[in-house]
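First comes the structure, then the notes that go with it.
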Number of protein chains: 2
Amino acid sequence: MTSTDRHLRADAARNRAALLAAAEAEFADRGLEASVADIARRAGIGKGTVFRHFPTKEDLLAAVVLDRVDDLAALARRLTAAADPGAALLEFLDAAADRQQQLDLSFLRESGEVNARLSESRARLFAQITVLVERAQAAGAIRTDITATDVILLMCAPNHVASFVPAAPAGLWRRYLAIIFDGLRPHGVRPLPTPPPEPGQVG
Amino acid sequence: MTSTDRHLRADAARNRAALLAAAEAEFADRGLEASVADIARRAGIGKGTVFRHFPTKEDLLAAVVLDRVDDLAALARRLTAAADPGAALLEFLDAAADRQQQLDLSFLRESGEVNARLSESRARLFAQITVLVERAQAAGAIRTDITATDVILLMCAPNHVASFVPAAPAGLWRRYLAIIFDGLRPHGVRPLPTPPPEPGQVG
DNA sequence: CCTTAACCGGACCGCCCGGTCAACTTGTTA
DNA sequence: TAACAAGTTGACCGGGCGGTCCGGTTAAGG
């Protein structure tokens, strides 16, 4: 997936793939305080090997997240051409919540300067979301007093809310996405009490 | 103001008060992974003294939280008698978000069996919220396909969402509370895709 | 004022974390 | 197949954590 195939030995490439898979699973299970040792054990490799491939735990996390962000950006781009912009935005938010299950935006908050590639991908994703939001607003599906930054911030709230129910039925987050999305619709809204945050302040 | 004044020496009482104040401040600043050593330093006492008053860091956290929960329950009780049930619920949610600024429900999630008094207080708070929600629904201010558990789960979402903006203007959470509350109102809603969680599953 | 028990504090313990390193193994290539 | 570079590994390090403990301190009561 990640195109760092610069003369990588066969076993090293295998280990790297296993490591990324294990890290993704472990971060999903235990959140972002999963230990590097556990990830290494899960991948069946030594801890030193982890740090050979990624100099820092944060870099490993960034690599895992990069794929998801790019994936999401691609989906957003596809949905830009959808016939119903309101439904497109909802579908995007649904996919976003579904894909990141556990991981919330906190990795994006931390990743200010950590990883240049991740920052770029994040910026592309945010740009696509902006298009989605503006189209939905132009179509009258979404209230006009919100910004794309608002949507980005609210994006992972459904997962977070549902995470407080330990034995949650699968897809409980859809319930809260529906409620929040209803709050984004323009039916009988009242003016918002606080101006939106600056777009650059999100990460 | 916890009434454990059972023959407590003067200096001990003073230290206990300072400790509680420092813990509240420190937990608010650094989140719930604030270290006991830092709290002790902030209170101007030794680390051993902390553990003399509270056998566990979790117990200290529970003591800090207990006041807020009782406080919130009292407010909810007061608002039960308000003329406009919809406005009362909104005011409650506003106060809840305002009071807990940083601390989210995670301490309530963890505190399953930790502290009996906290569990009782939490149950009382949840009961009051249920009354508030039902009254708002009876008045037609809130959609009828949501439950009090939904409201409890959504209660701290505004703070969490706003916390992703590092240099957030004061009260940014009000913006997201307004959006979410609009999603709770009965104007042109669509049916929710997932049944609500069991009330007992929250903590 | 003196005794005493309650209280205080910080050195200390065991644990786990992210990260390093030098000795060892293995894929590659000529 | 030989020889080397690339890769692997787990012991190890420094640091921070929650929690313990005992020698010194101090408020309280007669």
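Each chain gets a letter, A, B and so on, in the order the sequences are listed, and its residues count up from 1.
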Inset, instruction - Can you establish whether the number of heavy atoms outside A:Arg77 located under 6.0 Å from its atom CZ is more than 12? - result: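 Not buried by this count: 12 neighbours or fewer within 6.0 Å.
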Inset, instruction - Examine D:dG7: is either OP1 or OP2 under 4.0 Å from a nitrogen or oxygen in the side chain of A:Asn15? Give yes or no. - result: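 False: A:Asn15 side-chain N/O out of range (4.0 Å or more) of D:dG7 OP1/OP2.
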Inset, instruction - Examine C:dG19: is either OP1 or OP2 under 4.0 Å from a nitrogen or oxygen in the side chain of A:Thr56? Give yes or no. - result: yes
Inset, instruction - Could you walk me through whether B:Val151 and B:Leu93 pass the side chain to side chain contact (heavy atoms under 4.5 Å, CB included) test, one step at a time? - result: CA-CA 9 Å; B:Val151 174; B:Leu93 292 176; 4.0 Å; yes
Legend entry - Sidechain N-carboxylate O distance under 4.0 Å for B:Asp11, B:Arg14: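 Here B:Asp11 does not pair with B:Arg14 in a salt bridge, since their nearest N and O are not under 4.0 Å apart.
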Legend entry - Basic-acidic side-chain contact under 4.0 Å: A:Arg42, A:Asp29: yes
For the pair made of [atom1] in [X] and [atom2] in [N], what is the distance, rounded to whole Å?
{"X": "A:Glu33", "N": "D:dC17", "atom1": "CD", "atom2": "C1'", "result": "14 Å"}
{"X": "A:Glu26", "N": "C:dC17", "atom1": "CD", "atom2": "C1'", "result": "14 Å"}
{"X": "B:Phe54", "N": "D:dG18", "atom1": "CZ", "atom2": "P", "result": "15 Å"}
{"X": "A:Arg41", "N": "C:dG18", "atom1": "CZ", "atom2": "P", "result": "11 Å"}
{"X": "A:Leu19", "N": "D:dG7", "atom1": "CG", "atom2": "C1'", "result": "14 Å"}
{"X": "B:Leu61", "N": "D:dG19", "atom1": "CG", "atom2": "C1'", "result": "17 Å"}

Can any side-chain N or O of [X] pair as donor or acceptor with the backbone N or O of [Y] at less than 3.5 Å?
{"X": "A:Ser121", "Y": "A:Asp70", "answer": "no"}
{"X": "A:Arg174", "Y": "A:Asp98", "answer": "no"}
{"X": "B:Thr194", "Y": "A:Gly171", "answer": "yes"}

Inset, instruction - Answer with base, sugar-phosphate or nothing: what part of the nucleic acid does B:Ala34 contact at a heavy-atom distance below 4.0 Å? - result: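 Sugar-phosphate contact only.
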Inset, instruction - Strictly below 4.0 Å, heavy-atom distances to any atom of DNA chain D: list the hits from residues 46-53 of chain A, or just say none. - result: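 Heavy-atom cutoff 4.0 Å gives A:Gly46, A:Lys47, A:Gly48, A:Thr49, A:Arg52, A:His53.
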Legend entry - Qualifying residue for side chain to side chain donor-acceptor pair (under 3.5 Å) with A:Arg99, from A:Asp71, A:Asp94, A:Asn159: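 The side chain to side chain donor-acceptor pair (under 3.5 Å) with A:Arg99 is passed solely by A:Asp71 among A:Asp71, A:Asp94, A:Asn159.
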Inset, instruction - Could you check which of C:dG19, D:dG19, C:dC8 has an atom nearest any side-chain atom of B:Lys57? - result: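 Per side-chain heavy atoms of B:Lys57, the pick is D:dG19.
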Inset, instruction - Find which nucleotide of DNA chain C each of A:Asp38 and A:Pro55 is nearest to by heavy atoms, and output the residue with the more 5' nucleotide. - result: A:Asp38
Inset, instruction - At under 4.0 Å between heavy atoms, which parts of nucleotides 24-30 of chain D does protein reach? Answer with one letter per nucleotide, 5' to 3': B base, S sugar-phosphate only, - none. - result: --BSS--
Legend entry - Inter-residue atom distance B:Glu134.CD - B:Thr80.OG1, 0.5 Å rounding: 10.5 Å
